[in-house]
2 protein chains.
Amino acid sequence: MTAKRILIVEDEKAIRDMVAFGLRRAGYEVREAEDCREARARIVDVRPDLMLVDWMLPDMSGLELTRSLKRAKDTEEIPVIMLTARAEEQDKVGGLEGGADDYITKPFSPRELLARIQAVLRRAAPAGAADVVEADGLRLDDSSHRVSAGEREIALGPTEYRLLHFFMTHPERVFSRGQLLDRVWGGNTYVEERTVDVHIRRLRKALEPFLLERLVQTVRGAGYRFSTRDA
Amino acid sequence: MTAKRILIVEDEKAIRDMVAFGLRRAGYEVREAEDCREARARIVDVRPDLMLVDWMLPDMSGLELTRSLKRAKDTEEIPVIMLTARAEEQDKVGGLEGGADDYITKPFSPRELLARIQAVLRRAAPAGAADVVEADGLRLDDSSHRVSAGEREIALGPTEYRLLHFFMTHPERVFSRGQLLDRVWGGNTYVEERTVDVHIRRLRKALEPFLLERLVQTVRGAGYRFSTRDA
DNA sequence: TTCGCTTGTGACAGTTCCATGACAGGGCTC
DNA sequence: GAGCCCTGTCATGGAACTGTCACAAGCGAA
C-alpha cells in the first residue's frame with residue numbers, strides 16, 4: 001500500500017507544522033492548506049485519503065467546509081477529522097453531524113491524533129465505495145439516504161439506517177454486539193450491548209413487512225449476520 | 001475468524017478490569033494474569049493471539065517477561081504491547097528493544113488501545129489467514145459462522161461449533177478430554193471431562209445425517225480425533 | 001465368557017441468551 | 001411549551017444451550 005495522503009487544513013502555521021511533522025514521521029504523505037479556498041484547490045490534485053480540518057478558519061468554518069465536501073459526490077467519501085479548540089460536547093456533536101468522521105480537541109498529542117487517523121482510515125477502507133447497495137429485494141441508496149424494497153419505500157430511523165448500511169456493505173459476516181457498537185455507533189460511545197438487540201429488532205420490524213426472508217439473522221452466542229441465504 | 005484471544009498481564013485490578021471490559025466489548029476474548037508467573041501458566045492453555053503486558057509487575061518486570069517470551073521458539077510469535085506509566089522516550093525504546101511490538105503510555109483511551117491492538121494484529125496476521133476450513137465434504141466458514149456439507153447448511157450450537165472448528169483446524173491429531181476442555185472451553189473453566197463426550201455426541205448427531213463417514217473418531221483410552229481417513 | 005473399565009445415549013434441570021413490549025428522557029419542530 | 005421522533009434501558013417470557021447423571025453398550029484382558 002502506498003503511503004496515505006493526508007491534507008491538513010489549518011491556518012496556524014505552528015500547529016500545521018507540528019502535525020505535519022508528526023504525520024510524516026509516521027509515514028504519511030502530508031499536504032497543507034491554510035484556508036478553505038486553498039483546501040478545495042488541493043483536494044482536486046492531491047486526492048487525499050483523509051483530511052484534518054480545523055474548526056476555525058479564516059474564510060469559512062471548517063464545519064461548513066466539511067459539510068460541503070460531504071454533500072459533493074466526488075468528495076463525500078474522504079474521511080474528515082475535525083480539529084477543534086472547543087471542548088464542549090455541543091460542538092463535538094455538531095462536528096459529527098456536519099459529516100466529520102471524528103473530531104479531536106486541542107491540545108491533542110501526536111499519538112492520539114495518529115490513533116484516530118488510523119481508526120478512521122481503517123473504518124473507511126473496506127467500504128466498497130458503492131453508492132447503492134442491493135441485496136435480495138432490498139435496495140439502499142446512500143446518496144439519497146433511501147431504502148426500498150421493490151417499489152415500496154422503507155422508512156428507517158438514523159440508527160437503523162446506519163445499521164442496515166453497515167450490514168449490507170458487509171454481508172455474510174457475523175458481527176458481535178461489541179463490534180457493531182464500534183462500527184455502527186462509533187468507537188467511543190458507551191452503550192449497553194443489549195441496546196444492539198433493540199435496534200436489530202427495530203430494523204427487522206421495519207424490513208420484514210416487505211421481505212419474505214429474514215435478512216438479519218441471529219447467530220446465537222456470536223452476534224448477528226446479514227445474509228440473503230437462509231440460515 | 002474466531003475471536004482473537006488477548007492475555008492481559010497487569011497487577012492493578014482496576015486497570016485490568018477496565019481494559020478487559022473494553023476489549024470484550026470489541027469482540028475479543030480476554031484472559032487475565034496478575035503477574036509474570038501466572039502469565040506464563042496462562043500462555044500455555046490460552047494461547048493468546050496478543051498480549052498486553054504492564055511494565056511494572058510484582059515479580060518481574062514486564063520487559064523481562066517480554067524478552068523471555070521472544071526468546072522462546074513457541075512464544076516468539078505472540079505480539080506484545082507494553083503498557084507503561086513512564087512516558088520517557090528512554091523507556092519506550094527499551095520496550096521496543098525488549099521485543100515488544102508496540103507500547104502505549106498510561107493513561108490511554110480505549111480507542112487508542114483498540115487501534116494499536118488492531119494494527120499489531122494486522123501486522124502479525126499471516127497474510128492468507130484462512131477463514132474457511134474444509135475437510136472431506138465439510139466446510140466451515142468462520143467469518144459467516146456457517147457450517148455446510150455440500151449445499152446443505154448444518155446448524156450447530158455454540159459449543160459444537162467451537163469444537164468442530166478446533167477439530168478442523170487440528171485434524172489427524174488425538175486430543176484428550178482434558179486438552180479439549182482447555183482449548184475449546186478455555187483454560188480455566190471447571191467442567192467434568194465426561195461433558196466432552198456429550199458434546200462430541202451432539203456434534204456427531206448434527207454432522208452425520210450429512211456425511212458418510214464418521215469424522216470425529218473415538219480413540220479408546222486417549223480421546224478423540226478428527227480425521228477424514230477412516231480409522 | 002466374564003469382569004472391569006471406557007464410551008455412547010437419552011433425559012433433565014439450571015442457566016444463559018435473545019426477542020419483545022414498555023417507558024422515560026432528550027432533542028427538534030411548530 | 002406541546003407534540004413527535006428517536007434512543008437507550010429495563011423487565012419479562014420463552015427458547016436454546018449446557019453440564020450432569022444414570023444406565024446401556026462396547027471393548028479388551030484374563
Side-chain angles (χ1 to χ4, degrees), chain A residues 88-98 145 147 154-165 174-182 184-186 188-209 214-226 231, chain B residues 3 24-25 27 29 145 147 154-165 174-182 184-186 188-209 214-226 231:
Chain A
E88 296 81 12
E89 193 64 21
Q90 192 71 13
D91 289 339
K92 294 177 179 177
V93 172
L96 289 174
E97 287 192 343
H145 226 263
V147 180
I154 300 177
L156 294 179
T159 305
E160 283 68 58
Y161 178 85
R162 287 201 307 279
L163 192 53
L164 178 61
H165 183 264
V174 173
F175 295 95
S176 69
R177 293 171 175 72
Q179 288 173 318
L180 290 172
L181 284 177
D182 267 355
V184 176
W185 273 253
N188 48 2
T189 44
Y190 279 91
V191 169
E192 289 290 318
E193 293 209 340
R194 297 253 125 257
T195 298
V196 174
D197 297 30
V198 178
H199 284 278
I200 290 281
R201 160 139 187 302
R202 289 172 180 159
L203 178 57
R204 283 175 173 162
K205 203 169 181 178
L207 296 183
E208 298 193 343
R214 161 156 291 199
L215 296 182
V216 180
Q217 298 156 0
T218 304
V219 180
R220 201 159 217 289
Y224 296 96
R225 170 182 57 203
F226 182 88
Chain B
R24 291 211 171 89
R25 221 192 44 145
E29 202 180 310
H145 221 267
V147 179
I154 301 177
L156 295 179
T159 304
E160 283 68 59
Y161 179 88
R162 287 201 306 278
L163 191 54
L164 178 61
H165 184 264
V174 177
F175 294 96
S176 71
R177 293 173 176 72
Q179 287 174 315
L180 289 172
L181 283 178
D182 267 0
V184 176
W185 272 252
N188 40 8
T189 45
Y190 289 92
V191 169
E192 291 290 319
E193 292 211 336
R194 291 301 314 273
T195 297
V196 174
D197 296 30
V198 178
H199 284 279
I200 290 282
R201 158 130 193 307
R202 289 172 180 159
L203 178 57
R204 284 175 172 161
K205 203 170 182 178
L207 296 183
E208 298 191 345
R214 160 156 293 201
L215 296 182
V216 180
Q217 298 157 359
T218 305
V219 180
R220 205 182 160 75
Y224 297 95
R225 170 181 55 203
F226 182 87

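Reminder, nothing fancy here: chain letters follow the sequence lines and each chain counts from 1. Any value given below was found using the heavy atoms of this structure, including those in side chains, with hydrogens, waters and symmetry copies removed.
The nearest whole Å value for the distance from the CD atom in A:E192 to the P atom in C:dA19 is 17 Å. Atom CZ in A:R201 sits about 14 Å away from atom C1' in D:dT12, given to the nearest Å. Taking atom CD of residue B:E193 and atom C1' of nucleotide D:dC21, one finds them 16 Å apart after rounding to whole Å. One can place CG of B:L181 at 9 Å from P of D:dG19, the figure rounded to the nearest angstrom. Counting to the nearest Å, the P atom of C:dG8 and the CG atom of B:D197 are 6 Å from each other. Rounded to a whole Å, the CG atom of A:L156 is 14 Å from the C1' atom of D:dC5. Remark: C1' of C:dG10 and NZ of B:K205 are 8 Å apart, rounded to the nearest angstrom. When rounded to the nearest whole Å, the span between NE2 of B:H199 and P of C:dT7 equals 17 Å.
OP1 and OP2 of D:dC6 both lie 4.0 Å or more from every side-chain N or O belonging to A:Y161. OP1 and OP2 of D:dT18 both lie 4.0 Å or more from every side-chain N or O belonging to B:W185. Within the structure, a side-chain polar atom (N or O) of B:T195 is placed less than 4.0 Å from OP1 or OP2 of D:dT20. Between B:T218 and C:dT6, a side-chain N or O to OP1/OP2 separation shorter than 4.0 Å is absent. Phosphate contact (OP1/OP2 of C:dG8, side-chain N/O of B:R204, threshold under 4.0 Å): present. Note on A:R194: a side-chain N or O is less than 4.0 Å away from OP1 or OP2 of C:dC18.
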Assess whether side-chain contact (heavy atoms from CB on, under 4.5 Å) is satisfied between B:L207 and B:L164, documenting all intermediate values.
CA-CA 10 Å; B:L207 296 183; B:L164 178 61; 4.1 Å; yes
For a side-chain contact (heavy atoms from CB on, under 4.5 Å) check, start with the C-alpha distance between B:F226 and B:V174, then their side-chain angles and the critical distance, and finish with the verdict.
CA-CA 8 Å; B:F226 182 87; B:V174 177; over 6 Å; no
Base-contact (B) and sugar-phosphate-only (S) positions in nucleotides 25-30 of chain D, heavy-atom cut-off under 4.0 Å, - elsewhere:
-BB---
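Sequence order on DNA chain C of the closest nucleotides to B:R177 and A:Y224 puts B:R177 first from the 5' end.
For the atom pair CD of A:Q179 and CD of A:E193, the computed distance is 10.0 Å after rounding to the nearest 0.5 Å.
With hydrogens and angles left out, the side chain of B:R202 and the base of C:dG10 share no donor-acceptor pair within 3.5 Å.
B:L163 is listed as a side-chain neighbour of B:W185, based on a closest heavy-atom distance under 4.5 Å. Between A:H145 and A:Y161 the shortest side-chain heavy-atom distance falls below 4.5 Å.
A donor-acceptor contact shorter than 3.5 Å is absent between the side chain of A:R177 and the backbone of A:D197. Under the 3.5 Å distance criterion, the side-chain polar atoms of A:R162 are matched with a main-chain donor or acceptor of A:V184.
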